[in-house]
Each structure stands twice: as structure tokens, then as C-alpha cells.
Amino acid sequence: MSYTITLIALLASFAHSQQIGTLTAEVHPSLTWQTCTTGGTCTTNNGKIVLDANWRWLHSTTSSTNCYTGNTWDATLCPDDVTCAANCALDGASYESTYGITTSGDSLRLNFVTTASQKNVGSRVYLLADDTTYQEFNLLAQEFTFDVDVSNLPCGLNGALYMSAMDADGGLSEYSGNKAGAAYGVGYCDSQCPRDLKFINGEANVEGWVPSSNNVNTGIGDHGSCCAEMDIWEANSISAALTPHSADTASQTMCIEDACGGADSASRYAGTTDPDGCDFNSYRMGNTTFYGPGLTVDTNSVFTVVTQFLTDTGTATGTMNEIKRFYVQNGVVIPNSESTIAGVTGNSITTAFCDAQKIAFNNTNDFATHGGFTSMTAAMNDGMVLVLSLWDDYAVDLLWLDSDYPTTANPADPGIARGTCSTSSGVPATVEADDPNAYVIYSNIKVGPIGSTFNSGSGSGSGSSSSSSVATSATTLKTSTSSKASTTSSKAATTTTTSATSTSTASGTVPHWGQCGGLTYTGSTVCASPYTCTYSNPYYSQCL
Ligand SMILES: *[C@@H]1O[C@H](CO)[C@@H](O)[C@H](O)[C@H]1NC(C)=O
Ligand SMILES: *[C@@H]1O[C@H](CO)[C@@H](O)[C@H](O)[C@H]1NC(C)=O
């Protein structure tokens with residue numbers, strides 16, 4: 001009796017909310033990665049990857065009729081967001097033949113253009129802990145290391161490895177309309193609050209949908225999906241950027257229409273997230289000979305990228321206050337290049353670096369406005385999902401990464417030149433036609449305490465005897481800096497002293513537009529005349 005009732009209930013639920021298609025079996029490709037411990041012992045994790053939902057065939061739950069063709073929705077199956085979510089199913093993916101995605105051991109290759117029955121451009125995949133759950137990372141007081149081959153990524157292509165504060169189950173448990181979840185790559189969010197997603201919070205995004213004018217596959221709907229984003233790596237063979245993006249609410253939230261802000265909305269800064277982030281691109285920070293083909297970090301061959309997420313306490317319970325970068329190539333450790341921009345010092349991302357850079361480049365400091373490192377700390381504590389992607393840029397041809405941008409500005413002005421690509425490069429139609437065989441390979445992913453994932457002493461050529469010297473001295477330096485800062489602030493919060501922030505002038509005053517206060521701020525609170533320290537939000541006061 002109870003069996004019969006259960007079966008009827010099950011059939012009824014299939015009829016009204018089935019969202020998984022079975023015309024192609026979904027088999028997640030395997031990808032191993034390693035967890036390391038202090039001392040350098042690493043153990044292998046048997047992970048898998050999953051393709052994002054947006055790339056998948058979406059069809060009627062009862063037939064193979066498309067719910068979405070090209071860049072438009074079927075009006076019968078998708079008259080509104082809720083009905084569409086009930087009527088349509090995401091199907092399994094043929095990873096290699098349709099999408100050009102292959103894995104081998106610890107290595108993932110993403111091909112740019114794959115032509116099967118249709119043309120596919122780029123892809124976005126997530127690391128899974130198991131078949132229905134994304135791997136969640138908290139990188140506080142940890143380092144994240146991987147190898148990358150960008151030698152076949154020309155101007156206009158972005159091979160990106162980053163973290164987004166997505167739900168571990170892709171929103172399956174929170175939203176009854178979402179029956180696919182992480183197993184089918186649902187639940188994406190980032191700091192642009194993308195509105196091109198077909199499903200958000202258990203509903204389709206068909207209401208208000210406007211097909212793209214220049215992309216035959218995409219459009220934008222009324223809804224966007226926001227969260228904090230940690231761009232560990234956005235790069236091609238010409239330029240690379242390391243960029244945290246904060247958000248008022250670190251975890252995934254849905255936004256509506258132009259209130260989303262970001263790249264898909266009328267006003268870039270209207271939302272609750274930081275679309276620009278605080279970026280470190282070596283070329284943009286003044287060193288034009290550091291990264292590229294034949295340069296210090298030679299993009300003609302594979303290299304290792306190490307990213308350290310330091311905290312004020314040196315432990316995972318602290319607040320993130322610095323993001324450091326090292327490269328390793330041919331056994332040599334290469335510290336990140338130093339900024340040569342007037343008024344901006346250092347080779348890592350700190351609050352002082354971000355504040356100084358935004359002033360030097362005359363850019364909006366939305367990183368600070370939306371919580372800065374406090375937000376990134378919250379995102380890590382929530383757990384972030386690893387995203388690996390390859391894409392071309394239908395909005396601005398990726399010029400923000402590898403060329404002069406904005407194109408109307410004087411390239412000699414600080415912050416405009418970001419790489420050697422021409423301002424006419426990166427047009428998607430051109431790169432897809434000229435470089436369809438471009439690809440990126442990510443491999444050898446390792447995560448562990450600071451200094452555990454790479455042989456940090458090999459830069460001196462003296463082998464492992466000094467193997468932890470680079471990382472250890474960095475850690476020591478950081479610890480002494482933060483203990484000094486916390487001593488200062490506990491002694492007298494209003495006292496003007498510090499050498500920890502490079503924005504502060506020698507006399508301890510903060511220039512126009514500079515940060516002068518905030519919950520996690522440890523620098524000078526005195527503004528240069530005639531400016532006044534003005535409260536903006538709990539995390540940020542500014543000299544105005
Ligand atoms: C660029 O970085 C390299 C490697 O760190 C360094 O040797 C060189 O002096 C830097 N160039 C400038 C202009 O700072
Ligand atoms: C700085 O940016 C603002 C807003 O984008 C602009 O109005 C102003 O002219 C810029 N100032 C300089 C010195 O470029």
C-alpha cells in the first residue's frame with residue numbers, strides 16, 4: 001500500500017518538475033588533485049568535473065523538442081520562469097565530442113572551438129567532490145597551486161581558473177524547482193551578477209529575455225546570479241591577472257534587472273557586488289617584460305602558479321589580508337613582479353595596494369565598497385567552488401586583460417595599458433575563425449598550508465635545504481606586520497601611526513580618495529588637508 005502511494009507520488013513529481021534529461025548519459029570526467037600538509041606530503045583526491053548547465057541541451061521533459069534554440073526560448077514550453085523550469089530538462093553532455101573537454105589523471109584540457117553537429121565555443125566546468133556535490137574550498141591561510149599551459153591562448157582568449165561562492169549542491173536543496181543541481185552544473189554565480197544564465201534559484205530566466213545582438217547562443221534575462229569571486233587566474237599567453245571581487249553578501253543571491261549591476265546591466269556599479277575587483281596584472285602594474293612569450297615567466301612553456309591567501313592571525317580563523325603570487329618554471333621560483341606605478345608599491349594584493357592602485361588609476365574602488373577582504377574572508381568561510389573555463393569576450397573583446405583599455409584613453413596614462421595585444425584584437429568572430437584550435441591545459445592542482453605545495457627554495461638553486469625560505473620569510477613578515485598592526489589598533493584606534501599601508505604618506509596622512517577607516521583597516525585615519533574622513537560603510541571610510 002505504501003509502495004503504491006510512493007510510486008504515484010513519484011510519478012506525479014516527475015510529471016511536474018523533472019529537470020534531468022536522459023537522452024545522453026551524464027558521466028563526469030575524473031580529475032585528480034592533491035591536498036598537502038606542512039612538510040610537503042601530499043595525498044591524492046579522486047575528483048570529477050561537471051559542465052555548467054548553460055552549455056547543455058535543454059529540451060522538453062516529455063520529448064526531444066528544444067526549450068531553447070540558438071538564443072531564444074520556446075514560447076510554448078517557456079511562457080514564464082516557473083513553467084519553463086517545470087517543462088524543461090537539462091541533458092547529459094558528451095564532454096569530448098561536443099565540448100572539446102578532456103581529462104587525464106591530474107590534467108584538464110579545454111579546447112576553444114569544437115565543431116560536431118553544432119559549433120561549440122569554450123566551456124566552463126566545476127570541480128566535484130562527488131557526483132552531486134561541488135568541492136568546496138576554504139583557502140584561508142592556505143595556498144593553491146596548479147600548472148598551466150597558456151602557450152596556445154592568443155589575444156582575446158581567457159583561460160580562467162577561479163573560485164565562486166556557489167552552493168555545494170548547486171541550489172538543489174534550497175529551491176524546489178531545481179532538480180538538477182551540481183550534478184548538471186547548476187547554481188553558477190559571480191561578481192558580474194551574470195544575467196545570461198538559463199536557470200537561477202530553481203526558475204528559468206526567460207522573463208525579459210533579450211537575445212544577444214552579437215552572440216548566436218546567448219542573451220540576458222531579468223535575473224542575475226551574484227556572489228563573491230576570487231579570480232586566481234585569468235590569462236592568455238600575453239597577460240595574466242589575479243583579482244579578488246567582493247560582495248555585500250558573499251554567498252549566492254539572485255538580483256533583478258539593472259539592480260544587478262555588473263557587465264550585463266545599465267549601470268556597472270548599481271549592484272551589491274564588485275564587478276571590477278582589485279587586480280594585479282604585472283603589465284598593468286608597470287612591468288612589461290615579466291610575463292609573456294620568452295619573458296621572465298615564459299608563456300611558451302608550462303609553468304606553476306602559486307597563490308597564497310594570508311590572514312591577519314596566520315591561521316584559518318583570521319581575516320584574509322594579503323594575496324601573494326609566485327611562479328615556478330624550470331625549477332626556478334619567480335616572485336611576482338613589483339609594482340612600478342607611482343604611488344603603488346608591492347607585489348601582492350593588500351588593502352593598501354588596492355586603495356593606492358584605485359587612486360593611481362582613477363578607478364572606482366568597488367572592492368572596498370563591497371567589503372574588501374572581509375567579504376573575501378566570508379566567502380572562504382562559506383566555501384568556494386573551483387571554476388575552470390575558457391572563453392572569448394563578446395562584450396569588450398578581452399581588452400581589459402591584454403590590450404589598452406578603455407580604448408579611448410591615453411595608453412600612457414597609468415592603468416590603461418594591460419598587455420601588448422592590439423585594441424582591434426579579441427573580436428570573437430575573428431578569434432573563433434582564426435584560432436579555433438586554441439586550448440588551455442590546467443594540471444597538478446594542489447592545496448595546503450603555506451609553503452606545502454611547492455619547492456619554494458629552488459629559486460636559489462640550492463635545492464630543498466632552503467626550500468621553505470621564501471614562503472617562511474613571507475609568513476614571518478606577514479605575521480610581524482599584522483601583530484604590529486593589531487597592537488597599534490588595540491592601543492588606540494584613533495591614533496595615527498602605521499607603516500603597514502603604503503597609501504599613507506610619510507607624515508601619516510591619507511590623500512584625497514584614500515581609505516581612512518573601516519572595521520579591518522589598520523592604516524592612518526587622518527586625511528591630508530583639506531579632506532575629511534567620511535564614513536561610507538562599516539568596512540570603509542574615505543578621505544573626501
Ligand atoms: C620586471 O621583473 C623582472 C623580474 O622580477 C625584473 O628583473 C625587472 O627588473 C622588472 N622590470 C621592471 C621595469 O621593474
Ligand atoms: C577620473 O574618473 C572620473 C570618473 O570616471 C572622471 O570624471 C575624471 O575626469 C577622471 N579624472 C582624471 C584625472 O582622469
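This structure is a prediction, so every number in the text was calculated from the model and none was measured. Just so you know, ligand 1 is whichever comes first in the structure, and atom 1 is the first atom listed for that ligand.
- Put simply, the side chain of Asp312 gets close to the backbone of Thr319: a donor and an acceptor are under 3.5 Å apart.
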Per-pair distances, ligand 1 N/O vs protein N/O, less than 3.5 Å:
| from | atom 1 | to | atom 2 | distance (Å) |
| --- | --- | --- | --- | --- |
| ligand 1 | 2 (O) | Asn287 | ND2 | 2.3 |
| ligand 1 | 11 (N) | Asn287 | ND2 | 2.9 |

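- Paired with His245 under the rule side chain to side chain donor-acceptor pair (under 3.5 Å), one option of Thr273, Asp366, Asp231 passes, and it is Asp231.
- Using bins of under 30°, 30° to 60° and over 60° for the plane-to-plane angle, the ring pair Phe303/Tyr327 lands in the perpendicular bin.
- Here the two cysteines Cys255 and Cys226 have their SG atoms 2.5 angstrom or farther apart.
- Cysteines Cys189 and Cys227: SG-SG separation is under 2.5 Å.
- The aromatic ring centroids of Trp33 and Phe137 lie less than 6.0 Å from each other.
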